[in-house]
Amino acid sequence: MKQIDFLHAVGSVDERYVEEMMQAKEHGAVTRHIRFDPAAVFGVLGGAAVCAAMVFGILAVKNGGTIKPQTATSSAEQLAENVYGTPYRSGNSDFMLSVTENSIEADSLVLNVKNKSGQIDSFRAEWYLTDGDDSRQITGKKQIDIAVPAEKTKSCTLMFDTQIEKGEYLLHLDTADRKLVIWVPYLTDESHVFDVDFRIDEDAVTDSSLTLKATNHMPALTDYEMQWEIKNAAGEVVTATRSISFNLIKDNEITLLLDWSDTEYRLSAGTYELYGEIRKGMSRLTFSRKFSYGDAGTVAASEPVMTTSTADTEVVIHFPNDPYDPDSTTTTTTAVTAPAEYNDGKVRIIAEFREQMGKAPAELTDAEGENIRNLIDALHLVPSTKSYGDAYVGELTGGCYLIYANGKRYELWNETMLRLDGQYYIMCKDGGTKGGKALVDEVIAMVTKYQP
Amino acid sequence: MRTTNDQLDIEIISLLQKRDEQALSRLREAYGALCQSIARDILGSREDAEECVSDAMMKLWNTIPPNQPDSLRAYLVTVVRSIAISRYRAEHADRRGGGQTAAVLDELADILPAEDTVEQAYDQRALKETIERFLGTLSPDARTVFMQRYFLMAPVKTIAREQGMSIGKVKMLLLRTRNKLQIHLQKEGYL
């Protein structure tokens, strides 16, 4: 059977499989936009900084025997502590081997092999698993011949001769002249993969920054990004969500400076709570920590003041009924609040939402979502009741997207920009096909920046 | 979730049966962008995709009636895909260009040959049933991802986004599903 025959055959499968897929596309797009409530999640987790995280063991095999994590160089030495033996090297070859997220199951794992130099295209290795302490051999030894063309990556499934249980393992790959070990944690469920203590150094809290210390009790995990925000005692968000990238080193304490000095917001004396969320792949760690600033006991805590949204401004939005007919215009009035700095008589529609820049739809609070929904209403982008038809985002070629809304057609150009009438530009995330509520959520995600 | 779409589908099918040309504009309004996206993923060209969608609309016009699909959307998507693959096959016999199709064929190269070593005439109906039996063995998640990749030929990145999975997880799921498919096809005598 030829590949193309297979594709044709897949195209003729029963309609129910096609419909199931289409519904799953819609359903998946909607359900993953469920709003994220850090407090609720935190409550469920009971305050423990515990969550499943992406687990991976990865190792670059380079000429000269250096070992590098694929995604971060700053923790190369620390990561190397989790790797035993010496890297594989054969002649002038230059292979990168990795065991990636979700690649480990009870009966097998998938080893990715990239031939980086192409100077040789194959090698033979004997492989087996030991436990995480390297004290006990778990699987029998098997031989594998790996052939990968230059510049290509090949995935090899290594089948175990026994079922392994959840835990940490080491994959040994022995060649004629080298021994290589890759850490392969089989911990893809909601287990204590990610065990990190966070604490705030209250002595280091200023009105525009705080110091967060994190100690990782698990093997090194690299290239993490944490989103964080601070709420006051009333539970109001006082800093916009910001993010910081870092690497987690096993048993090492790292110091993260969470800083908002580039904004006008300054902490007043009082108690606050830091909310943090770390995502990697499908995994998420959330935590919160309370802290105080100033002499909260004796100084009357003043309400934090937002530096934006200081004036309510009625915003008028003009855009053509038909983008291809610039003479056809509709005037829409909405009560979107714009900061005074933008109250210059010009059309400004997104200013209020600058505070939400960088947030994924799932991370928006209900209030933020409602604000943006008002905006979407103003833009006539809200679908009526149909999941397709009234509103639809279709990805076209060359970074152009179309939005069909209430019978109108709008174009999103330059991959991330929406142009309504030549005046309004709205940054958007990657497009894709969405319908109904998913469209609204997608547009919410798009509304992250306004450029007149 | 399908209620409003069902109503829309019924309305369009009714228009088609009355030979009312409004059916085509309603079809395009409702599903044009979806079809365009699918065709473009397969063909990699906006212009080709537009022609493909137009052809698909005409095919629906010519086939409904007598056909009366349970799901107009599934029917239309199947038609678009079929036309797009045929067009791809005609225009890209050497596998150059072609959006996601070349990537999908590359993925399948591990389990299926590009060309038969001897001339073999497969009973397409039997093969379809084999694949349906295989789909029936998969978990819903795996089946959805498999269908999105090999039916719609959606990019892995798109699948990951729509299914709320990481790209790595989608790739891994596809790899494992292909391995299972290979075993299934071997058992059924296709390989």
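In this text, all values refer to a predicted model and were calculated from it rather than measured experimentally. Every chain is numbered from 1, with letters handed out A, B, ... down the list of sequences.
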Check: B:Leu152 and A:Met22 side chains under 4.5 Å, non-hydrogen atoms:
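A side-chain contact under 4.5 Å exists here.
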
Within-4.5 Å side-chain heavy-atom neighbours: B:Leu181 and A:Phe6: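 Yes. Closest side-chain heavy atoms under 4.5 Å.
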
query: If we ignore angles and hydrogens, is there a donor and acceptor under 3.5 Å between the side chains of A:Glu19 and B:Ser71?
result: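 Looking only at side-chain atoms, B:Ser71 and A:Glu19 do form a donor-acceptor pair, the distance falling under 3.5 Å.
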
Only one of B:Arg149, B:Lys128, B:Arg81 passes side-chain contact (heavy atoms from CB on, under 4.5 Å) with A:Val10; say which it is.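 Output: one option passes, namely B:Arg81.
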
Notebook entry, point to check: Which one of B:Thr130, B:Thr144, B:Leu135, B:Val145 has the most heavy-atom pairs closer than 4.5 Å to chain A?
Noted result: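 Among B:Thr130, B:Thr144, B:Leu135, B:Val145, the one with the most close pairs to chain A is B:Leu135.
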
How far does CZ of B:Arg143 sit from CE of A:Met21, to the nearest 0.5 angstrom?
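Rounded to the nearest 0.5 Å, the CZ-CE separation comes out at 12.0 Å.
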
Just verifying a value: how many Å separate A:Ser155 OG and B:Leu174 CG, rounded to the nearest 0.5 Å?
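Between A:Ser155 OG and B:Leu174 CG, I get 11.0 Å after rounding to 0.5 Å.
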
task: Only counting residues at least two apart or in another chain, list the ones meeting side chain to side chain donor-acceptor pair (under 3.5 Å) with B:Glu21.
output: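 Side chain to side chain donor-acceptor pair (under 3.5 Å) check on B:Glu21 returns nothing, list empty.
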
Measure [X] against the heavy atoms of chain A and call it side chain, backbone, both or neither at under 4.5 Å.
X: B:Asp141; value: neither
X: B:Pro155; value: neither
X: B:Phe134; value: neither

If you take all heavy atoms of [X] and [Y], which pair is closest and at what distance?
X: B:Ile131; Y: A:Ala9; answer: CD1-CB, 3.4 Å
X: A:Glu15; Y: B:Ala74; answer: CG-CB, 3.5 Å
X: A:Gln23; Y: B:Arg73; answer: CG-NH2, 3.8 Å
X: A:Leu109; Y: B:Arg176; answer: CA-NH2, 4.2 Å

Tell me if a side-chain donor or acceptor on B:Glu132 pairs with a main-chain N or O of A:Asp14 at a distance below 3.5 Å.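 Checked: pair present.
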
- Item | Exceeds 12 heavy-atom contacts within 6.0 angstrom, atom NZ of A:Lys142 |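 Yes, NZ of A:Lys142 has more than 12 neighbouring heavy atoms, counting only those of other groups under 6.0 Å.
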
